[in-house]
Number of protein chains: 2
Amino acid sequence: MISCLVDGAVSEHVPANDRGFAYGDGVFETLAVVGGKPRLWQAHMDRLARGCECLGLPQPPQEVLWREAVTVAAGQSRCVVKLVLTRGSAGRGYAPPESASTLRVVSAHAWPEGIERARELGAHAVTCELRLALQPALRGIKHLNRLEQVLAARELAVHPGKQGILRNTEGYVVGAVDANLFAVTGGQLLTPRLDRCGVHGVLRELLLRDHMARCERRRMTPALLIEADELFLCSAVRGIVPLLSLDDRAWDPGPVTRELQDWHQELLERP
Amino acid sequence: MISCLVDGAVSEHVPANDRGFAYGDGVFETLAVVGGKPRLWQAHMDRLARGCECLGLPQPPQEVLWREAVTVAAGQSRCVVKLVLTRGSAGRGYAPPESASTLRVVSAHAWPEGIERARELGAHAVTCELRLALQPALRGIKHLNRLEQVLAARELAVHPGKQGILRNTEGYVVGAVDANLFAVTGGQLLTPRLDRCGVHGVLRELLLRDHMARCERRRMTPALLIEADELFLCSAVRGIVPLLSLDDRAWDPGPVTRELQDWHQELLERP
């Protein structure tokens, strides 16, 4: 952690009775900050607002979050900034007290190694055993209950450097452990429907918006992935990453993935 | 919060980069401590051990936890002690780092009001809209991902003082928001099977052990509750609480519930 603000003050600690710590009662965002400017800011704020609405969490003004994100990133040519909002401190018990006020934790972290290399050369993936539970009440939001992702990431310890592809408890594909997933089939872009689990990734949402005519959200079986012409992951921080393999099936980075990498580059350069 | 130890030192703060705060990557226990002595200690420790094993979390020695529980409860004739274990501090990313070491937070809280009254007079309940997701990989353990319970407790804000009964996404009954549930039908004790969601409550486990011959774990439909002769909740802190009503159906506290309250009293007095 490079630096951290807790409710606007320099600190590396949060109250032990915070409901984020007690119950995971909050939401978060992870942003790329390059040249002092948070990337895809409005899309991150839109998802944060949906998460706060879902949990009934009062949201701090976006200009406060912007200022704090820029402050923790100061002096870094590029870094990752994490914003965490929780329901704040309270006594025991699941019921949110009326008096609770949202806690903000804004922290800067080192730029992850190998991002550019993975975009250029691609990544390998395996299918995880862990299945995501179906919980429509929390669909799409980036909340702090992430034990499923932790358990899936633990499986990957024996596959160093590989990504993990997750299915739900019904067997349908949801995405990667920490990224969304697209398949290219006959020129069409297919991505799992995330109406019962999974996170509505910021870059996924923008890709769906800008390429609506050739995109389809679908219940996707594992067989559909294996039969695809191309597969790629997408995430706000890591961008668009071609998948070179999934379990025993291999691909070369394909033309549609490369085209969308150009779109992503152009997206980041929009004023 | 009356007092708090973080890794054995007096503190009311935890690191902002703790994985409990970031992902809910940990487990907890809530114990009654009466006359300076933690109640049902070994049963709590057994569940904690199962939770740590499930998450791959190194567990601190039980004598350390006992000592800290007694320390925070010092001077209280009775209080509730909460033990939280998390995977400790780490950088970003779901994969648990090898270097992480378990964080312990042991805190004492005021004895909840109305416990004895509820045991004697009973409680009222409504069925919650929120459904619990089916996640066998986390079954039974008391982990820190509790947003479902938070959302369910939010529903109860319009039913002040009432308990909430939860179903899973398939419609079967799981229990109450923060307690287990038993139905008495023709002298038999029925309780929901918790193989896909729900917490293996400490008192539920002991009740099943001591009354095995007349207990059955079952997929329970809401209709089965309505048709029961008696319903009661059980929790380590609150004991055995007769249900006086569930939605539109009403009961008087029944003889089997009263008998089990005597059993519970005797259980607490065992050396």
Side-chain angles (χ1 to χ4, degrees), chain A residues 1 4 6 11-26 28 30 54-56 80 82 84 86-87 91-96 98 105 107 109-110 112 129-138 143-154 156-157 169 177-178 196-197, chain B residues 1 4 6 11-26 28 30 54-56 80 82 84 86-87 91-96 98 105 107 109-110 112 129-138 143-154 156-157 169 177-178 196-197:
Chain A
M1 198 154 68
C4 184
V6 176
S11 170
E12 295 195 349
H13 289 84
V14 297
N17 65 351
D18 183 81
R19 290 177 58 97
F21 184 75
Y23 304 131
D25 191 5
F28 73 112
T30 307
C54 176
L55 302 186
V80 170
K82 185 169 174 179
V84 183
T86 79
R87 210 182 303 268
R92 287 192 327 103
Y94 295 126
E98 285 178 26
V105 180
S107 57
H109 304 260
E129 284 301 316
L130 182 117
R131 310 290 189 100
L132 294 174
L134 304 178
Q135 182 45 278
L138 294 168
H143 56 70
L144 295 174
N145 278 197
R146 301 250 76 94
L147 265 178
E148 294 183 318
Q149 285 71 25
V150 171
L151 292 183
R154 286 189 74 212
L156 297 177
T169 48
V177 175
D178 57 359
R196 302 180 298 170
C197 62
Chain B
M1 197 153 68
C4 185
V6 176
S11 170
E12 295 194 350
H13 289 85
V14 296
N17 65 350
D18 183 81
R19 290 177 58 98
F21 184 75
Y23 304 130
D25 191 5
F28 72 111
T30 307
C54 175
L55 302 186
V80 171
K82 185 169 176 179
V84 183
T86 78
R87 209 182 303 267
R92 289 193 323 104
Y94 294 126
E98 287 178 24
V105 180
S107 56
H109 305 261
E129 285 300 316
L130 182 115
R131 310 288 189 101
L132 294 174
L134 305 178
Q135 181 47 277
L138 295 168
H143 56 70
L144 295 174
N145 278 196
R146 302 248 76 93
L147 265 177
E148 292 182 320
Q149 285 71 26
V150 171
L151 292 183
R154 286 189 74 212
L156 298 176
T169 48
V177 174
D178 57 359
R196 302 180 298 170
C197 61

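The chains referred to below are lettered A, B, ... by the order of the sequence lines, with proteins before strands, and numbering in each begins at 1. Side chains included, hydrogens not; waters and symmetry mates left out as well; all remaining heavy atoms used.
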### Task
State, yes or no, whether a side-chain contact exists between B:Asp18 and A:Phe21 at a heavy-atom distance under 4.5 Å.
yes

### Summary
Given A:Ala110, A:Cys4, A:Gly56, the one with more heavy-atom pairs under 4.5 angstrom with chain B than any other is A:Gly56

### Task
Examine whether an atom of A:Leu132 lies under 4.5 Å from a heavy atom of chain B, and if so say whether it belongs to the side chain, the backbone or both; otherwise answer neither.
backbone

### Task
Between chain B and each of A:Arg92, A:Gln149, A:His109, count heavy-atom pairs under 4.5 Å; write down the option with the most.
A:Arg92

### Query
Side chain, backbone, both or neither: which part of A:Ser11 has a heavy atom under 4.5 Å from chain B?
neither

#### Entry: Interface residue of largest heavy-atom contact number with chain A, from B:Leu138, B:Asp25, B:Val177, under 4.5 Å
B:Asp25

## Note on the structure
Closest heavy-atom pair, A:Val14 versus B:Pro15, reported as atoms and distance to 0.1 Å, is CG2-O, 4.4 Å

### Task
Assess whether side chain to side chain contact (heavy atoms under 4.5 Å, CB included) is satisfied between A:Leu151 and B:Tyr94, documenting all intermediate values.
CA-CA 8 Å; A:Leu151 292 183; B:Tyr94 294 126; over 6 Å; no

### Query
Using non-hydrogen atoms only, which part of B:Thr86 is less than 4.5 Å away from chain A: side chain, backbone, both, or neither?
side chain

### Option in A:Val84, A:Leu134, A:Leu147 with maximal non-hydrogen atom pairs under 4.5 Å from chain B
A:Leu147

### Query
Quick one: what part of A:Thr30 sits under 4.5 Å from any heavy atom of chain B, side chain, backbone, both or neither?
side chain

### Message
Please find the pair of heavy atoms, one from B:Arg154 and one from A:Pro96, that lie closest to each other, and give the distance.
### Response
CG-CG, 3.4 Å

### Task
Sort A:Val150 into side chain, backbone, both or neither according to what part of it lies under 4.5 angstrom from a heavy atom of chain B.
both

#### Entry: Interchain contact, A:Cys197 with chain B, by part (heavy-atom threshold 4.5 Å)
neither

### Query
Distance-only, no hydrogens or angles: does the A:Gln135 side chain make a donor-acceptor pair with backbone N or O of B:Arg131 under 3.5 Å?
yes

#### Entry: Under 3.5 Å donor-acceptor, B:Asn145 side chain and A:Arg146 backbone
yes

